[in-house]
There are 2 protein chains.
Amino acid sequence: MSTAPPAPGSAPTGTPADSAGKPAESEASAAADAPQSEPTARSPAETRELVEAIEWLFFAYRDFTSDPDEILHEYGFGRAHHRVIHFVGRHPGITVADLLNILRITKQSLSRVLKELVGQGYIVQKTGTKDRRQRLLYLSDKGMEMERRLAGPQRERVAKAIAAAGPEAQKAWCAVLAHLVNEDDRRAVEALISNGYVS
Amino acid sequence: MSTAPPAPGSAPTGTPADSAGKPAESEASAAADAPQSEPTARSPAETRELVEAIEWLFFAYRDFTSDPDEILHEYGFGRAHHRVIHFVGRHPGITVADLLNILRITKQSLSRVLKELVGQGYIVQKTGTKDRRQRLLYLSDKGMEMERRLAGPQRERVAKAIAAAGPEAQKAWCAVLAHLVNEDDRRAVEALISNGYVS
DNA sequence: AATATATGTCAACATGGCTGACCTAAAAAT
DNA sequence: ATTTTTAGGTCAGCCATGTTGACATATATT
């Protein structure tokens with residue numbers, strides 16, 4: 001997706017996210033005000049590599065989201081729409097509550113884009129059978145076509161990047177990404193991602 | 001930084017970006033409308049791994065940007081401020097034009113946050129010596145302290161993720177990230193990142 | 001029958017993108 | 001020396017997409 005997760009970080013939307021900067025933090029640094037665990041001591045070299053890794057993430061995310069953003073513009077949509085289209089596409093029949101949990105936005109924000117997508121026929125809603133309060137969400141044919149257009153260039157970009165980085169890069173890449181996710185959420189996200197290949 | 005690159009992808013402030021979704025694209029897929037190169041044919045298994053990698057990036061970015069976002073809130077700032085603070089911190093004396101090129105936003109947008117940061121004493125400006133039209137940007141002591149507070153938790157997160165993924169993960173991780181950046185910009189970004197460790 | 005849940009909706013507001021027009025001072029070109 | 005270009009700023013307004021709070025409805029659950 002071309003999203004920069006909500007405001008969290010943005011940045012490049014996404015809005016890619018923001019990173020960190022600067023030299024060898026004197027002890028005073030991060031512990032200054034936050035009730036967090038003391039920052040692990042690191043050598044200047046380690047700090048430097050860390051800062052560089054963070055900046056690469058910023059720039060990578062900035063460009064990663066640029067392809068879909070352009071396409072979305074043709075439709076008059078934004079990143080928020082892409083996120084919804086993506087997750088509905090990957091989890092046909094997903095509920096509004098699940099979507100809210102994934103996107104970490106308010107129902108009012110979701111409502112706005114969802115209304116547009118349903119109104120213009122990209123997403124269809126069906127009343128849940130087990131629980132009739134639920135609105136199960138599906139892509140229409142039109143929605144699937146848009147989803148494919150959005151996904152195409154982004155997958156191409158990621159595929160090339162992984163290929164260029166060598167054969168074993170994919171596992172390492174995903175492992176780091178997984179460990180960037182909050183520990184509390186990691187198992188749930190993993191379940192979501194691996195069971196998501198519905199059809 | 002907690003940015004989600006501009007809208008591009010958007011999100012957690014690191015705004016996280018949007019990803020892609022869905023099953024084994026029938027040939028028609030991404031080439032449908034875009035004048036791009038034909039999407040490389042991929043097996044369902046390859047597609048699946050690709051989609052999963054993209055989703056991990058979304059969730060990783062979402063959480064990656066969450067730490068600074070909270071701290072920024074204390075100051076009454078947003079991700080946009082973090083991005084500026086970060087790059088000024090890492091490139092003392094950076095010009096407005098360079099910053100615009102990195103952030104890929106308009107000068108009016110940058111102006112808004114820069115004005116606040118300068119007004120509240122987090123950033124100081126000096127007139128360029130070679131070219132007196134330039135305003136060279138530096139963090140004040142106050143700005144450096146904020147920068148350290150913002151960077152701390154984010155570095156901690158990345159350091160732990162890399163450590164958890166194994167020793168050689170860092171190189172692979174950065175290699176993939178570098179190749180996600182637009183090819184045209186890659187060399188410039190690399191130069192920026194590696195010469196950035198100024199002090 | 002009472003309560004809790006899933007979802008929707010109205011209204012108002014904040015942030016941070018954007019465009020367009022226009023201004024100044026300094027550098028570079030003629 | 002005059003003109004043009006460049007670095008930067010500024011005003012005004014718009015748009016996308018977050019937020020909070022209050023309230024409504026239908027269905028499940030107790």
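Within every chain, numbering begins at 1; the chains are lettered A, B, ... in the order of the sequence lines, protein sequences first and strands thereafter.
- Among dG17(C), dA28(D), dA21(C), the nucleotide with an atom closest to any side-chain atom of R132(A) is dA28(D).
- When the P atom of dA6(C) is taken as reference, atom CZ of R133(A) falls 6 Å away, rounded to whole Å.
- When the P atom of dG8(D) is taken as reference, atom CD1 of I123(B) falls 14 Å away, rounded to whole Å.
- Contact annotation: H81(B) does not reach the phosphate of dT15(C) (side-chain N/O to OP1 or OP2, under 4.0 Å).
- For Q134(A), whose side chain is taken as the heavy atoms from C-beta onward, the closest listed nucleotide among dC11(D), dA6(C), dT19(D) is dA6(C).
- Considering only side-chain N and O atoms, T106(A) lies nowhere under 4.0 angstrom from the phosphate OP1 or OP2 of dG18(D).
- Each of R112(A) and E116(B) lies near DNA chain C, and the nucleotide nearest R112(A) is the one positioned closer to the 5' end.
- Atom NZ in K130(B) sits about 12 Å away from atom P in dA27(C), given to the nearest Å.
- Residue Q125(B) is in sugar-phosphate contact alone, with no base atom involved, counting any heavy-atom pair closer than 4.0 Å across all strands shown.
- Using a 4.0 Å cut-off between a side-chain N of Lys or Arg and a carboxylate O of Asp or Glu, R186(A) and D63(B) do not qualify as a salt bridge.
- Counting only heavy atoms from C-beta on, K107(A) has its side chain closest to dT9(C) among dA26(D), dT9(C), dC11(D).
- Contact check on R48(B) versus E52(B) returns a salt bridge, with a Lys/Arg side-chain nitrogen under 4.0 Å from an Asp/Glu carboxylate oxygen.
- For D185(B) and R104(B), the salt-bridge test passes: some basic side-chain N is under 4.0 Å from an acidic carboxylate O.
- Within the 4.0 angstrom heavy-atom criterion, only backbone atoms of the sugar-phosphate kind lie near K115(B); the bases stay farther away.
- Distances from the side chain of S109(B) to the nucleotides dG17(C), dC10(C), dT7(C) place dG17(C) closest.
- Side-chain proximity of Q108(B) to dC18(C), dG20(C), dG18(D): nearest is dG20(C).
- As rounded to whole Å, 15 Å separates atom C1' of dG9(D) from atom CG of L99(B).
- A straight line from CG of D131(B) to C1' of dT5(D) spans 12 Å, rounded to a whole angstrom.
- A donor atom on one side chain and an acceptor atom on the other are not found under 3.5 Å apart for R62(B) and N182(A).
- For R135(A) and dA28(D), the CZ to P distance is 11 Å, given to the nearest whole Å.
- E147(A) and R90(A) are not joined by a salt bridge, as no carboxylate oxygen comes within less than 4.0 angstrom of a charged side-chain nitrogen.
- Summarising the geometry, the separation between CG on L110(B) and C1' on dT19(C) is reported as 16 Å, rounded to the nearest angstrom.
- With rounding to whole Å, L136(B) atom CG is found 11 Å from dG9(D) atom P.
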